[in-house]
K.L.:
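Could you have a look at this structure, given as structure tokens, before my questions?
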Amino acid sequence: MKRLKCVIAYDGTHFEGYQRQPEKRTIQGEIEKVLMKMHKGEMTPIFASGRTDAHVHAKGQVIHFDSPLEIPEDRWKIALNSLLPSDIVVVTSEEVPSDFHARFSVKGKEYHYYISLKKDRDPFMRNYYYHFPYPLHFQKMEKAAKYLVGTYDFTSFCSAKTEVKDRIRTIESLTLIQEGDQLIIKIKGTGFLYNMVRIIVGTLLEVGTGKRAPEEIPQIIEAKDRMQAGKTVPGHGLYLYKVYY
């Protein structure tokens with residue numbers, strides 16, 4: 001039995017998230033369907049670095065699975081891509097030690113959030129960028145971002161539905177990059193709570209439009225109250241960019 005690690009990319013537009021759900025199209029469901037076909041009807045479960053929500057994209061999601069098939073590690077990529085739907089692609093495939101785990105071996109993750117600042121909506125960007133046609137004060141947003149770098153209890157920046165009790169996380173870097181009428185917010189950390197990145201982005205946008213001051217960020221963190229932070233921005237602008245091991 002071999003353990004295979006695959007880096008996968010997917011367009012989340014037509015998926016109800018990563019995790020397998022009855023009667024719904026999911027990333028896990030589509031990949032396991034292909035693996036079942038390759039294993040002659042035998043279920044081969046896959047394990048990912050973490051779940052992504054409906055319409056969220058990935059450029060560097062990581063999965064692993066075990067297989068008895070005698071296929072060279074680099075050929076798994078070719079075999080899977082020949083059967084997967086066009087909105088999921090295996091970027092790399094390799095054999096890893098049996099103690100590797102796509103989720104529990106993670107050291108950190110990096111997410112990117114894409115925002116279109118165009119005055120008019122662009123129909124070709126609607127599934128991949130969050131349209132935000134309002135003037136932004138980038139210097140204030142950058143100042144606010146600095147307050148979020150570090151190790152804190154991020155209860156204020158996670159969904160109220162979060163069942164995880166330990167909400168202390170470390171954000172290693174948080175940068176804003178403006179390229180013409182596009183804004184990319186890059187965030188790297190040891191781990192993230194449910195909706196954490198999307199709430200952070202929503203809060204930074206409120207700082208950018210003047211609804212709140214950068215200096216409020218420490219107070220929001222200290223409050224440990226979801227109601228104190230900004231709104232949760234849509235999932236379609238979010239990309240799981242890379243997973244670190």
Side-chain angles (χ1 to χ4, degrees), residues 1-114 124 126-128 163-164 188 190-192 194-195 197-198 234-245:
M1 189 73 73
K2 297 178 180 180
R3 177 155 295 187
L4 283 305
K5 170 192 173 187
C6 295
V7 175
I8 62 172
Y10 48 83
D11 176 344
T13 303
H14 301 297
F15 290 100
E16 294 301 318
Y18 167 82
Q19 189 175 25
R20 186 193 319 111
Q21 301 176 58
E23 308 302 321
K24 291 186 178 180
R25 188 170 187 258
T26 66
I27 309 299
Q28 183 179 15
E30 291 297 319
I31 297 175
E32 289 181 344
K33 190 188 302 181
V34 166
L35 285 172
M36 183 176 286
K37 185 175 183 179
M38 293 177 67
H39 290 81
K40 309 300 182 184
E42 183 177 339
M43 177 64 176
T44 302
I46 64 173
F47 301 87
S49 69
R51 309 169 189 172
T52 50
D53 289 337
H55 315 308
V56 173
H57 313 290
K59 293 187 177 183
Q61 173 69 285
V62 176
I63 63 168
H64 87 256
F65 58 89
D66 296 328
S67 174
L69 299 182
E70 292 298 327
I71 299 175
E73 58 181 354
D74 58 328
R75 298 293 296 181
W76 273 99
K77 169 184 173 179
I78 298 171
L80 288 167
N81 284 337
S82 69
L83 297 170
L84 284 168
S86 60
D87 44 6
I88 304 177
V89 172
V90 175
V91 181
T92 63
S93 61
E94 62 177 310
E95 188 175 339
V96 290
S98 59
D99 61 350
F100 171 85
H101 196 286
R103 178 184 174 189
F104 299 121
S105 299
V106 173
K107 293 291 191 297
K109 291 182 180 179
E110 183 175 344
Y111 285 91
H112 292 180
Y113 196 90
Y114 287 75
F124 302 105
R126 73 189 190 283
N127 295 324
Y128 310 105
E163 297 179 355
V164 178
K188 180 182 177 183
T190 56
F192 296 89
Y194 184 44
N195 283 168
V197 175
R198 291 162 60 187
H236 64 266
L238 183 62
Y239 295 72
L240 173 53
Y241 182 76
K242 189 173 182 178
V243 182
Y244 297 89
Y245 292 94

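All values below were derived from every heavy atom in this structure, side-chain atoms included, with hydrogens, water molecules and symmetry-related copies excluded. In this text, all values refer to a predicted model and were calculated from it rather than measured experimentally.
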K.L.:
Could you give the distance from CG (Asp11) to NE2 (His55), rounded to the nearest 0.5 Å?
P.N.:
11.0 Å

K.L.:
What's the spacing between Ile27 CD1 and Thr52 OG1 if we round to 0.5 Å?
P.N.:
6.0 Å

K.L.:
Applying side chain to side chain contact (heavy atoms under 4.5 Å, CB included), run through Leu84 and Val89 and close with a yes or a no.
P.N.:
CA-CA 7 Å; Leu84 284 168; Val89 172; over 6 Å; no

K.L.:
Please report, to 0.1 Å, the donor-acceptor pairs under 3.5 Å made by any side chain of residues 40-48, with sequence neighbours excluded.
P.N.:
{"from": "Thr44", "atom 1": "OG1", "to": "His39", "atom 2": "ND1", "distance (Å)": "3.4"}

K.L.:
Testing the basics here: between Cys6 and Phe65, what is the closest heavy-atom pair and its distance to 0.1 Å?
P.N.:
SG-CE2, 4.0 Å

K.L.:
How long is the span from the CG atom in Leu35 to the CG atom in Leu83, to the nearest 0.5 Å?
P.N.:
9.5 Å

K.L.:
Is there a side chain to side chain contact (heavy atoms under 4.5 Å, CB included) between Val62 and Val106? Walk through the geometry before answering.
P.N.:
CA-CA 10 Å; Val62 176; Val106 173; over 6 Å; no

K.L.:
Test your reading of the model: is there a side-chain donor-acceptor pair from Tyr10 to the backbone of Val56, 3.5 Å cut-off?
P.N.:
no

K.L.:
To the nearest 0.5 angstrom, please state how far the CD atom of Glu95 sits from the OG atom of Ser67.
P.N.:
10.0 Å

K.L.:
Would you mind reporting whether Ile88 and Phe15 have side-chain heavy atoms less than 4.5 Å apart?
P.N.:
yes

K.L.:
Do His64 and Arg103 come close enough that some side-chain heavy atom pair is under 4.5 Å?
P.N.:
no

K.L.:
State, with a plain yes or no, whether a side-chain heavy atom of Met38 is found less than 4.5 Å away from one of Leu80.
P.N.:
yes

K.L.:
So, taking the atom named NE2 in His236 and the one named OG1 in Thr13, what distance separates them when rounded to the nearest 0.5 Å?
P.N.:
9.0 Å

K.L.:
Any chance NZ of Lys242 has more than 12 other-residue heavy atoms, nucleotides or ligands included, within less than 6.0 Å?
P.N.:
no

K.L.:
With sequence neighbours left out, which residue pairs that include part of residues 15-34 fulfil the side-chain hydrogen bond (donor to acceptor under 3.5 Å, both in side chains) condition?
P.N.:
Gln19-Arg51, Arg20-Glu32, Arg25-Asp87, Gln28-Glu32, Glu30-Lys33

K.L.:
For Leu238 and Tyr111, work out which heavy atoms get closest and say how close.
P.N.:
CD1-CD2, 3.8 Å

K.L.:
For the residue pair Gln61 and Ser49, establish whether any side-chain heavy-atom pair is separated by less than 4.5 Å.
P.N.:
yes

K.L.:
Between Tyr239 and Tyr114, is the gap from one ring center to the other below 6.0 Å?
P.N.:
yes

K.L.:
Say you draw a straight line from CD1 of Ile8 to CG of Leu240; how long is it, rounded to the nearest 0.5 Å?
P.N.:
9.0 Å

K.L.:
So do the side chains of Val164 and Tyr194 get within less than 4.5 Å of each other, counting heavy atoms only?
P.N.:
no

K.L.:
Any sub-3.5 Å donor-acceptor pair from Lys5's side-chain atoms to Phe100's backbone N or O?
P.N.:
no

K.L.:
Identify, with sequence neighbours excluded, every residue that meets side chain to side chain contact (heavy atoms under 4.5 Å, CB included) alongside Lys77.
P.N.:
Asn81, Val90, Ser93

